[in-house]
Structures are given as C-alpha cells and as structure tokens.
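Below is one structure, written out as structure tokens; the observations come after it.
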Amino acid sequence: MLDNIKINGFKCFDNEELDLAPLTLLSGLNSSGKSSFLQALRILHNNGCPLEGHGPLTELVSPSYDGFYLCAYKGDESFGVDFEKGKIELDDDNSKIFPDLFSFISASRFGPRPSLPLSLDSDLLTVGEQGEFVLDLFERNYELSGVPKLLRKAGPLTRSMRQNVTAWLGVISPGVTFDTQIDRKADMGRAEFNDLRAANVGFGLSYTLPIIVNVLIYAALARKKDTSAMILIENPEAHLHPSGQTQLGEFLARAAASGVQIVVETHSDHLLNGIRLAVKEGFLSSENTAFHYFSYDFDEDFTEVEQPVIDKFGMFNYWPDGFFDENEKSLGKLV
C-alpha cells in the first residue's frame, strides 16, 4: 500500500507531503483541493500521462510555478513525475508502487440506465470511472469466492460474491434482490432490482452498486492472489439516505481492514461517522486511518491541509473549523 504522496506546484498545491493509510478520507469545501489530490494520484498511476477531460499537463501547473512534481512512496520505494516547461521526466517505475488492482470511481458515475456497456478488454479489472462496466465486471466474477470475513454481509460462512453484493445492497434498500441480464452479442448488460429495471427503483442503488462490486471483487482477488488493491472514490454517499451513508462508511472501513486501500473524497458527516464507529467497534484500527481537511488560503493563493488524528474510540484530537460542523452551527442558530 502507498504510504504518502508529495505534491509540489500542482494546481492549487504549494508544497505538501500527505500521509496515506489503508483508509484515507478527504474533506473540505468545494474547490479546496480534494479532487486535485485524487488527480495527482491518478497521474502518477498513469505514468505521467494527462487525464482524459483535464487538458494537457501545462494546464495543471500552479500559476506560481513553472512546473509540478508528484511523488508517491511505498516503504523504501518511490515513483515521481517531474513536469517542467513542457517536458516530463519519470523517476523509476510506477509498477513498483501501484498495484495491478487499481480503480478510480468518479462522482459523475452513471445513475439508473436501461442498459450499460460491456468492455472489449478481456482482462477487465475495474468498473470504470463512471461505473459503466460494473455489470460486466460483476458477471465475470460473480462466482468468485473468498470474500474476506469482515465483508461477508450475507453471513460469516458465506464467501460468494453474488450473495454478498446483494446483502450489502440490502443495507441501502432492505429486502432488495439483484440480478443481471447480459447480452454479449449486443455488448450490453441490464441490472434488475426486485425484477424491476434500474430506473424504477431508487437512484441510490445504481450509484452505490459500482462501489460495492468493485470493493468486494478487489478484496477477494487481493486475498486470492496475495497482492494489494487500491480504489479512489469520489462522493460515495450520493443519493443515499443518512443511515445508508453511515453503513457505507462502515463498509469502506471493513474493506480497508481487508486489504483494499481506500482513498475517499466525501461531503458527508454520516459517512465519516460510519468510519469512526467502525474504528470504535474494532473493525479498523485508528492507526490505519488518515483524515485530511482541505481549505483554500486566498491570501497565499494555495490550499492548506490539516490532518486531525482519530483515536481508538473514534474521536478526533481536534476539530478544524469547517470540518463537518455545519449541523452544530445551524442548531446553534435555532436555539
């Protein structure tokens, strides 16, 4: 697993070295640097290549710099991308740092659709940035066994992928059943929830499905192949009821304790509380969490990052101003 990342001169960042843990939570106001942090990791994973939709690397350089430098660390190994004056240099080989099992799941993932595409990649190992290949990845792995014990929502002895995917979806919508219809000659698949098409059930199921499927498959494959896995997730809480957000936080904490490194950007205090409760209840140790709160310093024109530490009781050593405190502020005004 990655231990930390150095970001210098990249977009809104000046010079930051930030820890990564089995579970890393990113929080802060809009346009404060959370997505840029994920983009830095993605560029490193892409061997310095630009990201689709984000333009050339020249557009990602901070106005105060002539270039940027990104470096990820894993034990004694490191991999860096040095971009300056239109030229790029790579430090070492990123395959020493990043696992084969790597996914980025965007906030703009597909919602309920009549059908989803199938991938032409015979070695498909991700649901896709928008969750577009979730049915394909699931169908290829639904018979996969070996879901780690902490993630067996279908029961402590039930290791199968299909049963545990359905069970975790049941946390979001109790009593739900899940099935897929795949037509490989038409290169498309269809999800069915309680024998209904996706558009006729709650949006939360479609938005959460790629996360649950990708996490469970990576956890099983990492265990089977004795390797590591990493998933970057934007706004997993989208379209979920508060109780579902809390349960999803626990799910991600359990995944992090089961060999999948999770980096999650969120605006949900409910998701955060699910993680804190998981720590208190012993599913994930406090040492295996990292929390970064991003704020933008308009005087310095750079992002600042605070790193409150969580203890074994799920409590923070301090609470930054603006760090999921809007509820208390609003209640204070109502009293």
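Bear in mind the structure is a predicted one, so any value in this text is a computation, not a measurement. Residues take their numbers from the sequence shown, with the count starting at 1.
Formation of a donor-acceptor pair under 3.5 Å by the Glu89 side chain with backbone atoms of Phe83 is not found in this model. A donor-acceptor pair under 3.5 Å links the side-chain atoms of Tyr296 to the main chain of Asp301, judged by distance alone. With hydrogens and angles ignored, the 3.5 Å screen pairs no side-chain donor or acceptor of Arg109 with any backbone N or O of Gly131. Put simply, the side chain of Arg152 gets close to the backbone of Val147: a donor and an acceptor are under 3.5 Å apart. Of the possible polar contacts, none joining the Asp66 side chain to the Glu84 backbone as a donor-acceptor pair under 3.5 Å is found. Between the side chain of Ser206 and the main chain of Phe203, no donor-acceptor pair closer than 3.5 Å is present. Checking side-chain atoms of Asn15 against main-chain N and O of Asn8 turns up no donor-acceptor pair under 3.5 Å.
Hydrophobic clustering of Ile, Leu, Val, Met, Phe, Trp and Tyr side chains at less than 4.5 Å, counting indirect connections, keeps Val263 apart from Val215. Note: the hydrophobic cluster containing Leu144 also contains Val260 (ILVMFWY, side chain heavy atoms under 4.5 Å, direct or indirect links). Leu2 and Leu284 fall into different hydrophobic clusters, defined by Ile, Leu, Val, Met, Phe, Trp and Tyr side-chain heavy atoms under 4.5 Å apart, directly or through other members. Hydrophobic clustering of Ile, Leu, Val, Met, Phe, Trp and Tyr side chains at less than 4.5 Å, counting indirect connections, keeps Met230 apart from Val127.
Between atom OG of residue Ser243 and atom NE2 of residue His270 there is a gap of 9.0 Å, rounded to the nearest 0.5 Å. Interatomic distance, OH of Tyr293 versus CG of Asp321, reported as 7.0 Å (0.5 Å rounding).
Residues Phe291 and Phe316 place their aromatic rings such that the two centres sit under 6.0 Å apart. Under the 6.0 Å cut-off for aromatic ring centres, Phe178 and Phe138 qualify, their centroids lying closer than that.
Between Leu252 and Pro236, the shortest heavy-atom distance links the atoms CD1-CG, 4.3 Å. Residues Asn94 and Leu44 come closest through the heavy atom pair ND2-O, 3.2 Å. Considering every non-hydrogen atom in both Cys12 and Ser32, the closest pair reads SG-O, 4.3 Å.
In this structure, Asp82 does not pair ionically with Lys87, as no charged nitrogen and carboxylate oxygen lie closer than 4.0 Å. The pair Glu139-Arg184 does not meet the salt-bridge criterion, since no charged nitrogen lies less than 4.0 angstrom from a carboxylate oxygen.
Within 6.0 Å of CG in Asn317 there are more than 12 heavy atoms belonging to other residues, nucleotides or ligands.
In this structure, Phe294 and Phe13 have perpendicular ring planes: the angle between them is above 60°, well past the 30° mark. Ring geometry for His292 against Phe37 counts as tilted: the plane angle lies between 30° and 60°, on a 0 to 90° scale.
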Under the side-chain contact (heavy atoms from CB on, under 4.5 Å) criterion, do Glu250 and Val171 qualify, and how do the steps go? CA-CA 11 Å; Glu250 179 186 318; Val171 171; over 6 Å; no
